[in-house]
Amino acid sequence: MEYNFRQIEQRWQKVWADNGTYRVSNHSDKRPFYVLDMFPYPSGAGLHVGHPLGYIASDIYSRYKRQCGFNVLHPMGFDAYGLPAEQYAIQTGQHPEKTTEQNIKRYKEQLGKIGFCYDWDREVRTCDPRFYHWTQWAFEKMFDSYFCNQTQKAHPISELIAHLEQHGTDGLDVAQTEPLSLTADEWNAMSETQKQQVLMNYRIAYLADTKVNWCEQLGTVLANDEVSEGLSVRGGYPVEQRVMRQWSLRVSAYAQRLLDGLNDIDWSDSLKETQRNWIGRSEGAEMQFRLAGKDLSFTIFTTRADTVYGVTFMVLAPESEYVSQVVTAEQREAVDEYLRWVRRRTERERISDRRVTGVFTGSYAINPLTEKEIPIYISDYVLAGYGTGAIMAVPAHDSRDYAFAKHFGLPIIPLIEGADVSEQSFDAKEGVMMNSGLLNGMQVKDAIAAMKQHIAKTGIGRVKVNYRLRDAIYSRQRYWGEPFPVYYKDGMPYLIPESCLPLRLPEVSDFKPTTTGQPPLGNAQLWAWDEKNLRVVDKAKIDDKQVFPLELCTMPGFAGSSAYYLRYMDPHNDNALVGKDAVDYWRQVDLYLGGSEHATGHLIYSRFWNKFLCDIGVAREQEPFRKLINQGMIQGRSSFVYRYIGEGATGNLYISYNLIDNPEYKGKIQPIHVAINLVKNDILDIDAFRHWMPEFKDAEFVYADGTTDIDNPYLGTPTEKQYICGSAVEKMSKTYFNVVNPDDIVESYGADTLRLYEMFLGPLEISKPWDVNGIDGVHRFLKKLWSMYENMTDSEPTADELRSLHKLIKKVTWDIEHFSFNTSIPAFMICQSELQQLGCTSKQVLDTLAVVLAPFAPHLAEQMWHLTRTERAESESVCDAKWPEWNEKYLELTTQKYPVQFNGKVRFTIEVAKDTPREEVERIVMADEQTVRYLNGATAKKVIVVPGRIVNIVM
RNA sequence: GCGGCAUUGGCGUAAUUGGUAGCCGCGCCAGACUUAGGAUCUGGUGACGAUAGUCGUGUAGGUUCGAGUCCUAUAUGCCGCACCA
């Protein structure tokens, strides 16, 4: 019986769909388990073979958990809002709604062919109003909240108002944009608009003039994680710094909680480390420096309080607000010129060109410990956004300060004994202090602590923790995103009432972004808010007293993906993001799979978002994703032919890869990408190649054996005429002709082979090239396995069959629990081959085998499972078959013919006293009943004895 | 510069976590069946050696009865952060 995978896979996919096999209920006595894939952007290119890697792994795990008796939530949806979808729409000149719809359809078709156990009833799309209703709702909650540093929690803004009414800003320890000082009387005397302005300083979702990453080509601002080395991550366009009035989320308020939370979750070390870097906590001190001759002081941040005796100058960031107060009349012109120059420089120039630049302000500050006057400079090596935008410079022990001091001829005072600072600074935090007054003789570490204590006691400064993490810019001057539920009255934003959500994305005459920063929603006619009648109206009515303009920006891509995992729990709930019952039952994602490229974007934002939702009582767990696995990328494997371009070249002769280093060809060949479907096992299909493109129609070859068609025009068996292609690992891309479409693999080998092969390729978490060369081996295994089901009988399983089966169960169970799916495939192959050698025909064994295979190759397993028991109804699925337990009893069973082995070895433990001599141990071993049974009369080749521990016997 | 991860046959990898390195697959070699094979099946395949055997997990040390696995250096590669004070 042939392995007709097409028929088998179509049949069961239909049965599963018809019976709703994968539908999941929120009401179950079973324990819940939530397995989630990062939902995809439905891009125009469709899925390539790399996308399903993580999906297959999570599918295996979900199916396994389900068979173990869990109620498994395993949903799928689409991250349809945001830049990629919109860029694709612009490229194809269609409305993003239409392209998104088409792309989703395509994705679902492709996913459907691979046999995933998704509950499609729970599908979410971020661009669906029923979904973005809750994105907008969450924004409103953040707008209506502030963050208290004492409780480290979000609180309703009404509590803050109450505090301001009674105490002003006195005793307020909250996250804020800038420090404010108000009395209660001042607050109470304020107008409504003034009050709103004050509150904006504290809201978690706030509007402020901020320095943003503006990308002209994309026509929008970008978050920090969307920019890399001064270029936009998407598209690679230049990004400049601009001050714009933008919405932001106060993510930085949660920095400490985001950091602490990492200790409680099961993520890879590298990913946690990436997040720790991104949050960038550093412990240090803030110190006051007085301005000489004026009643003005400013604050700096340092992690090296111990080096304060070595401060020989100060530096301000060009954007620092202190600058204007410090510049003297004589220096004003020089400073202005420098500031103009700094402003002209793009972010990219600043990063690539690190020459020392700066200008003297004319003013001096007083070192609070030495009381000496030190000059104040401005330089762009000091960043306005970190710390206070002002530093104390210690050239002896900081390489940047050192370079600056050398350039401007400023003094360098070494503070650590034995440190040679004549050529470079001594940055290490080790050694014994000198030239440092009360710190002399201390180790650096102790000196840091001592100085912190000293400055706190004397009031010069205070201990302070700083974070690198910035607030997330939340506005995008784009069309294809969630509209803000916000309208403007007297220039201040107000929320649209919750009951009026969702605020739907309006139709516009032109959705393309502009280079001026004018958002496309400005083109919408129906885009004003009638405050009295609570509805969206024509913006021509804005002259009315009760009609106000709506926000024109939309939310960024990460808005929709920040809480979607909660929505899957309760996707049809129109009254809440997620119902209490649902979230109480599912709680959090137990296993999350996706790429590590989201480490500093989505995975920070959704953790932040979840913590906020926790604070307001919506989410149940502090961390959204308990365990996270990053699947590796699948790269493409490109193939090449080598065109001869040496002397007398016609441009039509191609040299086999094995010959290109021959002296007659070396350096005279040009590699050309060739479509990988024309190549199998690195051998070129010559006919197909000649028909591939017109330019290769008359291609001639120097074959692997060095012959050409002219040498032997009619001989030439296929082996002689082989043309070998070269190869390289590259990104999967259309231009390299190396994209492998999963549909094609499913078509020629079947979904089960695809699933098995993707797992077989190597460990889940590492990147690896897609290499078709091995797929036949996996396909062959499934064929062989299938052929075993032809001759089933009701015979009792033999001991050997049971041992082989239970060995498999043990191995596969272990593998799945350790996400080592790649090592399960060999286990299946060994089991199959052993059973075949034993001539296994036992239905009982084959039945269980199908159950164990089910997570990996569900279609074939389902077919086999129904073959072993023909009375099973079609609706009864192997998905619900109980996961078998392995039994040590069977593993111990042994016969003359098949001794218990692992990799051809016998191993067990026997207790022996620690100092027993080796000969004695050997005697004990040989006399041991169990050992004798294992050895079965054979003589041991070698006995390795470790007193007190383990005995290894090699037969 | 700081941090994380990796390095095992011709290739992808395995070694149940400190217990005889190289499972399984690809490729290759040999054989069988075939008019034929890019089909199928069987056997072999780390290196050196005729054999016995010896040597082998990037390099150099260390801990241990025992190290691919732990420790210390070092090299190479990949990834993250980076003028973050």
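What you see below is based on every heavy atom in this structure, not just the backbone, and it leaves out hydrogens, waters and symmetry mates. These figures come from a predicted structure and were not determined experimentally. Numbers restart at 1 for each chain; the letters A, B, ... are given by sequence-line order, proteins then strands.
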Of all the choices, [options], which nucleotide is nearest to the side chain of [X] once you look at every atom?
X	options	value
A:L383	B:C81, B:A85, B:G12	B:A85
A:P763	B:G25, B:C83, B:A14	B:A14
A:E273	B:G12, B:G3, B:A85	B:G3
A:R468	B:G25, B:G80, B:A82	B:A82
A:I830	B:C24, B:A85, B:C81	B:C24
A:K783	B:U40, B:C81, B:A85	B:U40
A:T823	B:A85, B:A15, B:G80	B:A15

For [N], take OP1 and OP2 only and decide whether either is under 4.0 Å from a side-chain N or O of [X].
X	N	result
A:N822	B:A14	yes
A:Y381	B:A85	no
A:S282	B:A85	yes

Considering only the [atom1] atoms, how many Å lie between [N] and [M], rounded to the nearest integer?
N	M	atom1	answer
B:G18	B:U54	C1'	25 Å
B:G58	B:A36	C1'	48 Å
B:C11	B:C71	P	28 Å
B:A15	B:A85	P	41 Å
B:U8	B:A14	P	11 Å
B:G19	B:C26	C1'	30 Å
B:G9	B:C29	C1'	16 Å
B:G22	B:G12	C1'	13 Å

Sidechain-backbone polar pair: [X] side chain, [Y] backbone, donor-acceptor under 3.5 Å:
X	Y	value
A:N466	A:Y386	no
A:H779	A:I775	no
A:N630	A:G594	yes

Base-pair string, RNA chain B, Watson-Crick plus G-U, cut-off 3.5 Å on both distances, | for inter-strand, is (((((((..(((......[....)))((((((.......))))))(((....)))..(((((..]....))))))))))))....
In whole Å, what is the span from the [atom1] atom of [X] to the [atom2] atom of [N]?
X	N	atom1	atom2	result
A:E765	B:C5	CD	P	12 Å
A:H818	B:A14	NE2	P	14 Å
A:R780	B:G27	CZ	P	7 Å
A:F856	B:G25	CZ	P	17 Å
A:L262	B:G80	CG	C1'	14 Å
A:K429	B:G1	NZ	C1'	13 Å
A:H397	B:G1	NE2	P	20 Å
A:R470	B:A82	CZ	C1'	12 Å

Give A:I825 one of three labels, base, sugar-phosphate or nothing, depending on what nucleic acid heavy atoms sit under 4.0 Å from its own.
nothing
Base, sugar-phosphate alone, or nothing: which one does A:I775 contact when heavy atoms must sit under 4.0 Å apart?
nothing
How should the glycosidic conformation of B:U17 be described, syn or anti, under the criterion that syn lies within 90° of 0?
syn
As a test of the definition: with a 90° window around 0 for syn, would you call B:G37 syn or anti?
anti
Would you say the side-chain atoms of A:Y3 and A:T753 include a donor-acceptor pair closer than 3.5 Å?
no
Could you tell me if A:T357 and A:Y338 have a donor-acceptor pair between their side chains, going purely by distance under 3.5 Å?
yes
Can you find a heavy atom in the side chain of A:Y757 that is under 4.5 Å from one in the side chain of A:I745?
no
Quick check: do A:I374 and A:M392 have side-chain heavy atoms less than 4.5 Å from each other?
no
Show your reasoning for whether side chain to side chain contact (heavy atoms under 4.5 Å, CB included) applies to A:W814 and A:T823.
CA-CA 10 Å; A:W814 193 91; A:T823 59; 5.6 Å; no
Nearest heavy-atom pair of A:V315 and A:A393: which atoms, and what distance?
CG2-CB, 4.4 Å
